[in-house]
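Numbers restart at 1 for each chain; the letters A, B, ... are given by sequence-line order, proteins then strands.
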Amino acid sequence: MATTRPGDDPAALTELYVEVQRFYARHLQALDRGDVGEWARGFTEDGVFRLPPPHEPLRGRAALAESLGRFMGAAEARGERHRHWHGMLDVRPGPGGTVEARCYALVILSTAEGSRLYRACVCEDVFVREDGDLRVRDRRVTRDDHLG
Amino acid sequence: MATTRPGDDPAALTELYVEVQRFYARHLQALDRGDVGEWARGFTEDGVFRLPPPHEPLRGRAALAESLGRFMGAAEARGERHRHWHGMLDVRPGPGGTVEARCYALVILSTAEGSRLYRACVCEDVFVREDGDLRVRDRRVTRDDHLG
Amino acid sequence: MATTRPGDDPAALTELYVEVQRFYARHLQALDRGDVGEWARGFTEDGVFRLPPPHEPLRGRAALAESLGRFMGAAEARGERHRHWHGMLDVRPGPGGTVEARCYALVILSTAEGSRLYRACVCEDVFVREDGDLRVRDRRVTRDDHLG
């Protein structure tokens, strides 16, 4: 019986896994170079970003780009550069054609004095497809140093 | 002449490489959330885990789960959270249908005070297949700060 | 219309992406174990390595192996071990059959006292194929703590 569900087909699952890896590389390289518009286009128009407390969830590309633009601008003004690293990626086909990803996420912070590990987090994304491209509909990030 | 050896077929080798990446993500996410039973099922029933000295090698799923459960419980009691990161993965088909993987392994340690790099290691695994799934028959981990 | 350009074919692009991941794992594991000859063979015969200032660019396998051999030997004499990590990899087919890769690069430094993050960088490679294998024709590495 023919099927196109990635979960059933090793080749399709392999392609999907690599597609998510490439998505994260481009999406977060865009953020780290300050192109928050390009970064925000990795979400659906009404995509949600559930940040760790005390931050409120952000909803929609405009709010995402505005908030992260302010954050990245403030970091630059302090002489800081951030690099977001996703790794240890798990990808599973989800309900209704969605794609669910769970990975570890580091933030590396550099100043003129050197580079250091700043944050360790877990990132959970629910992706949908729009015109063939993956878009984040819902992102939840938790900080590893928020125990309990 | 037809063959299914992954080493001979780029598509099969690509699938195998991604399969090992996904294995590590699920296997070590299980460990890091304290599900040592699930983590131990990533080994064969009599699988061996050769830890760096002064630790003795562990043999068999029961011993693996018991030992790592004790270790993770003690870390939690100290208010520590561990994240195991594998990266820089090399995968090669080995003798007798085995799969050999060599990668770098970091341990990120978080407490309520923040996150830091705790250990840098090398992990070498020999995998076999059981019911289609990869299982570790032999794991050897060495610490980068054990020089010489 | 038939085509073999990786950019047009998801399966070919997936294979290429994994091929670059494996290349980096083998190439940098060779460097980190001190096998600078093997590492240098990852470049074309006249390959260029544009290091961050104040270093001058290195050109050609012989110069690459000589320079990195000296660097790694000095590190070993100081009781240091380096591990090069590439991650957050983006790969794109480039002009004239080249392959362009952009990734983040960490250097983890270990001594008998422990392991720490030493450098965070960006690595941009232009690959060509020789006898079917990827070789770096041009590498540019920039340090994240060189702001501006």
Side-chain angles (χ1 to χ4, degrees), chain A residues 6-25 28 52-54 82-94 99-110 114-125 140-148, chain B residues 4 6 9-34 38-39 42 75-89 91 103-120 123 129 132-134:
Chain A
D8 301 318
D9 173 351
L13 186 53
T14 299
E15 282 180 23
L16 177 64
Y17 189 90
V18 167
E19 185 183 6
V20 176
Q21 285 186 305
R22 292 178 78 237
F23 172 90
Y24 282 137
L28 294 167
H82 291 78
R83 301 294 188 202
H84 291 81
W85 278 67
H86 281 196
M88 295 301 283
L89 174 65
D90 191 19
V91 175
R92 299 171 194 253
V99 174
E100 298 177 349
R102 186 179 195 274
C103 68
Y104 291 169
L106 299 181
V107 184
I108 310 292
L109 190 155
S110 295
S115 300
R116 63 186 173 90
L117 174 59
Y118 174 60
R119 287 273 185 264
C121 302
V122 172
C123 177
E124 293 168 291
D125 279 336
R140 180 189 178 83
V141 171
T142 54
R143 278 171 50 179
D144 290 353
D145 60 337
H146 288 179
L147 304 169
Chain B
T4 57
D9 173 350
L13 186 53
T14 299
E15 283 180 23
L16 178 64
Y17 189 91
V18 167
E19 186 183 6
V20 176
Q21 285 186 306
R22 291 179 78 236
F23 173 91
Y24 282 137
R26 294 183 179 195
H27 177 62
L28 294 167
Q29 286 186 16
L31 177 64
D32 293 342
R33 70 174 176 262
E38 175 65 19
W39 171 79
E76 193 181 347
R78 287 193 303 269
E80 295 177 1
R81 177 178 275 159
H82 291 78
R83 301 294 187 201
H84 291 81
W85 279 67
H86 281 197
M88 296 301 285
L89 174 64
V91 175
C103 67
Y104 291 169
L106 299 181
V107 184
I108 310 292
L109 190 154
S110 296
T111 67
E113 277 71 52
S115 300
R116 64 187 174 89
L117 174 59
Y118 174 60
R119 287 273 185 266
C123 177
R129 281 200 188 275
D133 292 324
L134 293 173

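- Contact annotation for Glu15(A): neither backbone nor side-chain heavy atoms come within less than 4.5 Å of a heavy atom of chain B.
- In terms of heavy-atom pairs under 4.5 angstrom with chain A, the leader among Arg22(B), Arg116(B), Glu76(B), Glu80(B) is Arg22(B).
- Between Arg81(B) and Arg143(A) the shortest heavy-atom distance is NH1-O, 3.8 Å.
- The nearest pair of heavy atoms linking Ser115(B) to Asp145(A) is OG-CB, 4.3 Å.
- Nearest heavy-atom pair, Asp90(A) versus Ala25(B), reported as atom, atom and distance to 0.1 Å: N-CB, 4.0 Å.
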message = With side chain to side chain contact (heavy atoms under 4.5 Å, CB included) as the criterion, how do Val122(A) and Arg83(B) come out once you've worked through the C-alpha distance, each side chain's angles and the decisive distance to 0.1 Å?
response = CA-CA 10 Å; Val122(A) 172; Arg83(B) 301 294 187 201; 3.6 Å; yes
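- Looking at every heavy atom in both residues, Leu147(A) comes nearest to Ser110(B) through CD2-O, 4.5 Å.
- For Ile108(B), the part lying near chain A is the side chain, with the backbone staying farther off; criterion is any non-hydrogen pair under 4.5 Å.
- The shortest distance between side-chain heavy atoms of Tyr17(B) and Thr14(A) does not fall below 4.5 Å.
- Nearest approach of Arg26(B) to Val91(A), heavy atoms of both residues: NH2-O, 3.7 Å.
- Shortest non-hydrogen contact noted between Tyr104(A) and Asp32(B) is OH-OD2, 2.7 Å.
- Side-chain atoms of Gln29(B) come within 3.5 Å of backbone atoms of Met88(A) as a donor-acceptor pair (strictly under, hydrogens ignored).
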